[in-house]
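Below is one structure, written out as structure tokens; the observations come after it.
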Amino acid sequence: MSLKPDVPATRAALDLDADVLVLGGGPAGTWAALAAARAGARVVLADKGFCGTSGATAPSGTGVWYVPPDPERRQAAFLARDTLGGHLADRRWAMRVLDRTHRSVDELAARGYPFPLDDEGAPARGSLQGPEYMRLMRKLVKGAGVRILDHSPALELLVDAEGAVAGARGLRRQQGDDWAVRAGAVVIATGGCAFLSRALGCNVLTGDGLLMAAELGAELSGMEFSNAYGISPTFASVTKTLLYKWATFTEPGGAAIPGAASQGGRSIIARWLARGPVYARLDQAEPGLRASMREAQPNFFVPFDRMGIDPFTQRFPVTLRLEGTVRGTGGLRIVDESCATTVPGLFAAGDAATRELICGGFTGGGSHNAAWAISSGQWAGAGAAAHGTRQRGARRGAAPAGTVGLRAGTARAFDPQEATRRVQAEVFPFDINYFRSGDGLHAALGRLDGLWQSLRAADAAGTAEVVKAREAAAMTAVARWMYRSALARTESRGMHRRADHPEADPTQLRHIFSGGLDEAWAAPAAPLARPQAELAA
Amino acid sequence: MIELVSAERCTGCNICVAVCPTNVFDPAPKAMAGALPTIARGADCQTCFMCELYCPEDALYVAPEADHAVEVDEAALIEAGLVGSYRAVIGWSPQTAPRRRIDSTFRLIKGF
């Protein structure tokens with residue numbers, strides 16, 4: 001193994017120059033790579049796993065915020081989620097995303113995505129099956145001349161003397177050696193953070209890109225909107241929630257739980273789960289609809305068919321798995337229309353970036369997140385191509401910028417499994433994260449800050465453990481931004497619910513920015529003018 | 001979690017090694033005829049079923065239990081039609097290709 005974490009990488013086993021390096025090969029990363037290549041940039045895409053199967057979308061599938069170019073319908077589509085999102089969304093960004101998404105989904109059709117026809121014989125383009133979608137995206141990315149590095153987790157960004165991003169380096173875990181890419185610009189498309197909860201497709205989503213960006217001083221926004229929990233059968237990973245619209249939720253004795261529902265009643269499920277088992281049965285679905293449900297979401301039924309359970313007639317135990325910022329809306333702060341971050345040369349897309357711009361403090365996953373990945377990916381890719389190609393021929397430094405887990409400490413061993421368990425103990429429990437209070441958040445934050453300090457002091461992880469060590473460090477950092485931001489928002493808005501501040505406070509119609517590592521911080525930004533909020537009031 | 005690489009069906013092509021997003025498998029050694037990929041890091045499996053979809057031989061089985069390993073009986077699974085069932089249902093088996101176009105989400109979510 002040639003990686004020496006303590007020594008600045010001069011030559012890696014695979015050492016490349018590029019205009020644009022994209023980190024992450026899910027929807028946002030592939031759209032970013034495609035846009036950058038089409039803009040004439042030399043592009044490398046590095047994925048922790050395999051571009052085409054990695055991330056929350058590939059094994060799942062998703063609705064898409066696909067609305068025809070009719071101003072009234074688009075305005076209605078925007079307003080439909082605006083109240084749930086606490087009026088933090090920006091109408092101008094929403095319209096931009098609707099426009100780009102519609103054109104891009106039509107391009108997928110032209111490139112061979114097998115969209116079905118609806119009952120009137122018209123193409124139905126409001127949803128994408130994950131395996132098909134991401135297999136096609138990989139093909140398009142390769143066809144555009146992008147070099148894909150699979151199984152190549154990035155460990156840290158590289159930085160020049162002016163503080164601009166200059167590339168990244170990481171491991172090739174199936175070759176047992178390392179890679180480095182010097183690049184004029186970098187797109188962070190590493191997804192959100194679901195804290196290894198085994199929610200469907202989410203175990204590659206550990207906030208790695210957020211940590212790496214913060215090590216260069218990037219800021220985040222909306223990290224209080226990070227407590228999304230997805231319903232799954234207790235035994236299974238499949239956190240797809242649409243079909244629970246047709247469920248009856250029951251307590252162990254068999255009585256229906258009043259108010260329990262997938263939409264608008266999920267917190268009631270959480271309260272009952274804190275006491276004991278909760279069961280579901282999809283008995284509200286008319287027999288005529290059941291075949292359509294199977295055709296729409298084949299993966300939903302795989303666990304049931306394999307367990308010998310008929311979910312329409314037999315009840316099964318359910319749980320809530322944390323999906324964190326994957327179905328939350330917080331992420332790297334975007335400062336302009338090219339999805340630039342606060343660090344020169346560093347762009348962000350998809351779930352790694354804040355989605356507050358289009359849906360404020362709430363998203364059910366899919367739909368808006370899918371549209372955001374498609375749109376922000378292309379803007380970040382184009383922005384990175386413009387920035388990156390301007391750096392061609394420049395003589396720049398490229399020093400490794402990583403910290404925790406990578407540099408020598410006090411010779412205490414870094415134990416990633418133990419660190420992961422300690423973070424999960426602070427972010428999984430409903431009584432800390434779902435139902436928030438100042439006292440609970442403060443106490444958890446104290447423990448998380450202590451954990452960060454112990455990780456910071458630990459020695460560099462060995463090559464066999466370094467990916468998991470960086471994941472544990474990233475999850476710890478994300479949890480600290482989440483709870484600092486949650487403490488800074490002394491109200492309830494979007495998915496962020498404070499038991500000690502149960503109402504929305506009109507004076508807090510503003511974003512919460514956060515950042516920092518050893519000195520993590522969160523602070524309210526300037527108040528927003530939102531005409532739709534006044535209309536709703 | 002991934003529980004089965006069928007010795008009877010697997011051809012040692014190692015596609016599963018490449019496509020698994022959490023790097024669960026170690027490849028079949030090229031020099032050894034009849035060798036199979038091994039489930040080397042089963043605890044890292046996220047039960048996403050992607051390896052099954054990409055296996056051209058329907059040689060893999062991911063048990064639905066996401067949080068712990070279980071024992072499986074290959075003959076019983078094949079008898080029950082469960083090995084390769086997910087690939088067939090999404091239309092990725094050669095015999096089921098028309099199913100690629102049957103997404104009927106439009107019947108479940110009415111437009112905006």
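Order of the sequence lines fixes the chain letters, A, B, ..., with proteins taken first and strands second; residue numbering starts at 1 for each chain.
Contacts between A:A124 and chain B at a heavy-atom distance below 4.5 Å involve the side chain alone, from C-beta outward. For A:L196, no part lies near chain B; criterion is any non-hydrogen pair under 4.5 Å. Contact annotation for A:D150: neither backbone nor side-chain heavy atoms come within less than 4.5 Å of a heavy atom of chain B. Using a 4.5 Å cut-off between heavy atoms, A:C202 contacts chain B through its backbone alone, with no side-chain atom that close. At a 4.5 Å heavy-atom cutoff, A:R81 makes no contact with chain B through either its backbone or its side chain. Looking at B:C51, neither its backbone nor its side chain comes within 4.5 Å of chain A, counting heavy atoms on both sides. No part of B:A97 comes within reach of chain A, as not one of its non-hydrogen atoms sits under 4.5 angstrom from that chain. Contacts between A:T234 and chain B at a heavy-atom distance below 4.5 Å involve the backbone alone (N, CA, C, O).
At least one side-chain heavy atom of B:V17 sits under 4.5 Å from a side-chain heavy atom of A:Q174. Between B:Y54 and A:T53, some side-chain heavy-atom pair lies under the 4.5 Å cut-off. Counting heavy atoms from C-beta outward, B:T47 and A:F235 have side chains that stay 4.5 Å or more apart. Under the 4.5 Å side-chain criterion, counting only non-hydrogen atoms from C-beta, B:V19 is not in contact with A:R135. Counting heavy atoms from C-beta outward, B:V89 and A:N299 have side chains that stay 4.5 Å or more apart.
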Passes side-chain hydrogen bond (donor to acceptor under 3.5 Å, both in side chains), B:D103 versus A:S127? Steps please.
CA-CA 8 Å; B:D103 181 356; A:S127 66; 2.7 Å; yes

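In terms of heavy atoms, A:E295 sits closest to B:S104 at CB-OG, 3.3 Å. The two residues A:P131 and B:L53 come nearest to each other via the heavy atoms CG-CD1, 3.5 Å. Heavy atoms only, all atoms of each residue included: A:D119 and B:R107 are closest at OD1-NH2, 2.8 Å. In terms of heavy atoms, A:F115 sits closest to B:R101 at O-NH1, 3.2 Å.
Counting heavy-atom pairs closer than 4.5 Å to chain A, the top-ranked of the candidates B:A66, B:P27, B:C48 is B:A66. Counting heavy-atom pairs under 4.5 Å between each of A:G201, A:S54, A:G25 and chain B puts A:G201 at the top. Comparing A:P298, A:G49, A:G130, A:A296 by how many heavy-atom pairs each has under 4.5 Å with chain B, the most go to A:A296. Your options are A:E132, A:Q129, A:R125, and the one with the most heavy-atom pairs under 4.5 Å with chain B is A:E132. Of the residues considered (B:V62, B:N23, B:D67, B:L82), B:N23 shows the highest number of contacts with chain A, using heavy-atom pairs under 4.5 Å. Chain A forms more heavy-atom pairs under 4.5 Å with one residue of B:M1, B:R99, B:R100, B:H68 than with any other, namely B:R100. Each of B:Y61, B:F49, B:Y86, B:W92 has some count of heavy-atom pairs under 4.5 Å with chain A, and the biggest count is that of B:W92.
Rounding to the nearest 0.5 Å places CG of B:L108 at 6.0 Å from CG of A:L242. To the nearest 0.5 Å, atoms OG1 (B:T22) and NZ (A:K48) are separated by 10.0 Å.
Around atom NZ of A:K468, no more than 12 heavy atoms belonging to other residues, nucleotides or ligands sit under 6.0 Å away.
Interface residues of residues 301-308 of chain A toward chain B, defined by a heavy-atom distance below 4.5 Å and sorted by number: A:V302, A:P303, A:D305, A:R306, A:M307.
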